[in-house]
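Input: a single structure, listed below in structure tokens.
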Amino acid sequence: MDIATLRADTPGCQTKVHFNNSGAALPPYPVLKAMQDYLTEEANCGGYETAAANATALNRFYMAAGKLLNAPAKNIAFTSSATNSFARALSCIPFKKGDVVIIANEDYASNQLQFLSLEERFGIELVRAHSLPEGGVDVDHMVSLIKEKQPRLVSLTHVPSNTGLIQPIAAIGKVCREYDIPYLVDACQSVGQLPLDVEEIGCDFLCGTMRKFLRGPRGAGLLYVSDRILHKPWYPLFLDMFAATWTDDDTFVTAPDAKRFQDWEQNYALMAGSYAAIHYANELGLENIAARNKYLGSILRPGLQSLPGVKLLDKGTELASIITMTAPVSDPQSLLTALRERNIHTTVSVTASALIDLRSKGVNWALRVAPHYYNTEEEIDILLDALESLFTNP
């Protein structure tokens with residue numbers, strides 16, 4: 001990749017050293033322009049009229065997202081976030097009291113909360129598979145749980161937000177297909193960072209966001225829904241007239257495709273920006289993006305580990321472009337502020353966002369550093385020099 005050109009295409013790179021890509025990455029000009037142009041047309045022509053005039057162009061979102069995930073466009077829904085996608089997927093499953101749901105300890109906090117809410121309200125049984133000492137879900141234990149408990153649903157977060165761990169989602173998907181068990185994958189941190197193929201993964205739902213490694217707008221997400229689910233009489237709990245058609249006084253028919261998971265009211269400017277972001281990633285190639293990120297991580301990880309008082313916390317045989325670490329400071333917010341004063345962006349994971357994982361590592365917060373392909377070796381040096389100065393001269 002031509003990194004200089006990609007950085008020139010990214011206005012934020014001119015003033016900031018941005019290592020908070022697992023929070024929200026810097027968008028490139030095509031994403032900004034797509035949203036600005038749409039909003040300008042909407043202001044001049046009206047919301048309904050602009051949507052109608054741009055219907056064909058907006059439809060490109062579904063095709064681009066399908067290409068990104070190796071799925072037909074009809075299996076893609078546009079949503080407001082990965083968490084919103086996750087909730088819509090969960091709400092279509094007709095849970096009954098006593099139904100078992102199997103997840104992992106490392107799963108994202110919001111997902112854990114949604115399952116705990118289902119447990120409290122509907123009486124499902126939430127079961128967490130063991131973690132391996134070297135990091136990641138114990139596949140053998142999860143498989144044994146699947147065989148023993150015949151769960152209503154299995155769910156796994158591909159790359160947890162609080163660690164660089166990459167979970168073996170395809171290995172679990174193969175078993176779920178074998179036992180005909182619905183499988184929900186949270187790809188919030190991996191979409192735009194790693195190649196994703198829903199057929200290879202074997203999932204029935206896959207959730208993603210635009211704002212992270214896809215470099216798209218905030219407030220936008222996607223949901224992939226398999227044909228296995230679309231062929232069932234399943235639909236989200238709360239429908240509107242985009243997702244279903246009111247056919248008689250007391251009857252309705254749901255959309256035959258993944259549109260049944262969408263609302264009629266959508267932010268079309270964000271959809272335009274989302275298409276631009278996905279198209280940008282597709283053109284660069286996810287294999288190229290993943291290779292560049294792996295290279296940056298191979299420089300950054302040992303550099304961070306060499307700093308005084310630092311311990312890297314990430315476990316797993318395969319690691320993604322998220323690095324978490326302890327830091328020899330008492331106040332994480334002061335550390336973030338000091339870095340931002342130097343125009344360096346990172347973030348902090350706290351206990352509430354990764355309770356089981358951080359507690360198992362004996363810490364209550366971790367500094368999270370997430371490089372992306374547009375970052376440079378020089379920026380890594382700037383970050384390392386700044387951290388060393390802050391750690392040695394607090």
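Owing to the predicted nature of the structure, the values given are computational and were not obtained by experimental measurement.
Linking Ile, Leu, Val, Met, Phe, Trp and Tyr residues whenever their side-chain heavy atoms come within less than 4.5 Å places L230 and L184 in a single cluster. Note: the hydrophobic cluster containing L156 does not contain I166 (ILVMFWY, side chain heavy atoms under 4.5 Å, direct or indirect links). In the hydrophobic clustering of this structure, V137 does not group with L126; members are Ile, Leu, Val, Met, Phe, Trp, Tyr whose side-chain heavy atoms approach within less than 4.5 Å, directly or through other members. Linking Ile, Leu, Val, Met, Phe, Trp and Tyr residues whenever their side-chain heavy atoms come within less than 4.5 Å places L116 and I93 in a single cluster. In the hydrophobic clustering of ILVMFWY residues, with side-chain heavy atoms under 4.5 Å counting as a link, V329 and I323 come out together.
Side-chain atoms of L270 and M35, non-hydrogen and from C-beta on, do get closer than 4.5 Å to each other. No side-chain heavy atom of Y29 sits less than 4.5 Å from a side-chain heavy atom of T10. M1 has its side chain within reach of L6: a pair of non-hydrogen atoms, C-beta onward, lies under 4.5 Å apart. Between T83 and T209 there is no side-chain heavy-atom pair separated by less than 4.5 Å. Contact annotation: the side chain of L335 approaches that of F391 to within less than 4.5 Å [non-hydrogen atoms, C-beta and beyond]. Proximity of R152 to P182: side-chain heavy atoms (C-beta onward) are nowhere separated by under 4.5 Å. Side-chain contact between S117 and F122: absent, with no pair of heavy atoms (C-beta onward) separated by less than 4.5 Å. The closest side-chain heavy-atom distance from F252 to Y235 is below 4.5 Å.
Remark: aromatic rings of Y224 and F261 are distant, center separation not under 6.0 Å.
Considering all non-hydrogen atoms of both residues, R260 and W234 come closest at NH1-O, 2.8 Å. Considering every non-hydrogen atom in both T324 and A366, the closest pair reads CB-CB, 4.2 Å. Between P151 and I102, the shortest heavy-atom distance links the atoms CG-CD1, 3.6 Å. The heavy-atom pair separating N105 from A129 by the smallest distance is ND2-O, 3.4 Å. The two atoms that bring I169 and Y183 nearest to each other are O-OH, 2.9 Å, heavy atoms only. Between A244 and L239, the shortest heavy-atom distance links the atoms CB-CD1, 4.1 Å.
A side-chain donor-acceptor contact under 3.5 Å links D204 and S226. When only modelled atom types and interatomic distance are considered, R128 and Q112 share a side-chain donor-acceptor pair under 3.5 Å.
Without hydrogens or angle criteria, D197 side chain to E200 main chain gives a donor-acceptor distance under 3.5 Å. In this structure, the side chain of Q193 engages the main chain of S321 through a donor-acceptor pair within 3.5 Å. Between the side chain of N288 and the backbone N or O of L284 there is at least one donor-acceptor pair closer than 3.5 Å. T347 places no side-chain N or O within donor-acceptor distance of the main-chain N or O of R368, the cut-off being under 3.5 Å. In terms of modelled atom types and a separation under 3.5 Å, the side chain of T157 and the main chain of Y108 share a donor-acceptor contact. Side-chain atoms of E134 never come within 3.5 Å of backbone atoms of T317 as a donor-acceptor pair (strictly under, hydrogens ignored). Using a distance-only test at 3.5 Å, with no hydrogens or angles considered, a donor-acceptor pair links the side chain of R211 to the main chain of G23.
Few gaps surround NZ on K361; more than 12 heavy atoms of other groups in view lie less than 6.0 Å from it. Within a 6.0 Å radius of CZ in F115, more than 12 heavy atoms belonging to other residues, nucleotides or ligands are found. By the 6.0 Å contact criterion, CD on E120 is open, its count of non-hydrogen atoms from other residues, nucleotides or ligands being 12 or less. A 6.0 Å sphere centred on CZ of R218 holds no more than 12 heavy atoms belonging to other residues, nucleotides or ligands. For CD of E287, the number of neighbouring non-hydrogen atoms (other residues, nucleotides, ligands) closer than 6.0 Å is 12 at most.
With F78 as the aromatic partner, K259 does not meet the cation-pi criteria of under 6.0 angstrom to the ring centre and within 45 degrees of the ring axis.
Of the charged side-chain nitrogens involved, at least one lies within less than 4.0 Å of a carboxylate oxygen, so that R7 and E379 count as a salt-bridged pair. Between K74 and D257 no salt bridge is recorded (no basic side-chain N to carboxylate O distance below 4.0 Å). A salt bridge links D314 to R301: one of the charged nitrogens lies within less than 4.0 Å of a carboxylate oxygen.
Not counting sequence neighbours, the partners of Y275 by the ring pair (Phe, Tyr, Trp, His ring centres under 6.0 Å) test are H279.
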Report the C-alpha separation of D227 and K232 in whole Å, then their side-chain angles, then the decisive distance to 0.1 Å, and conclude whether the salt bridge (charged side-chain N to carboxylate O under 4.0 Å, His left out) test is met. CA-CA 9 Å; D227 285 337; K232 294 176 182 288; over 6 Å; no
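To the nearest 0.5 Å, atom CG of residue L222 and atom CG of residue L214 are 7.5 Å apart. Going from atom NZ of K149 over to atom CD1 of I181 covers 12.5 Å, rounded to the nearest 0.5 Å.
A side-chain contact (heavy atoms from CB on, under 4.5 Å) with L313 is found for exactly one of D357, V363, L367, T163, namely V363.
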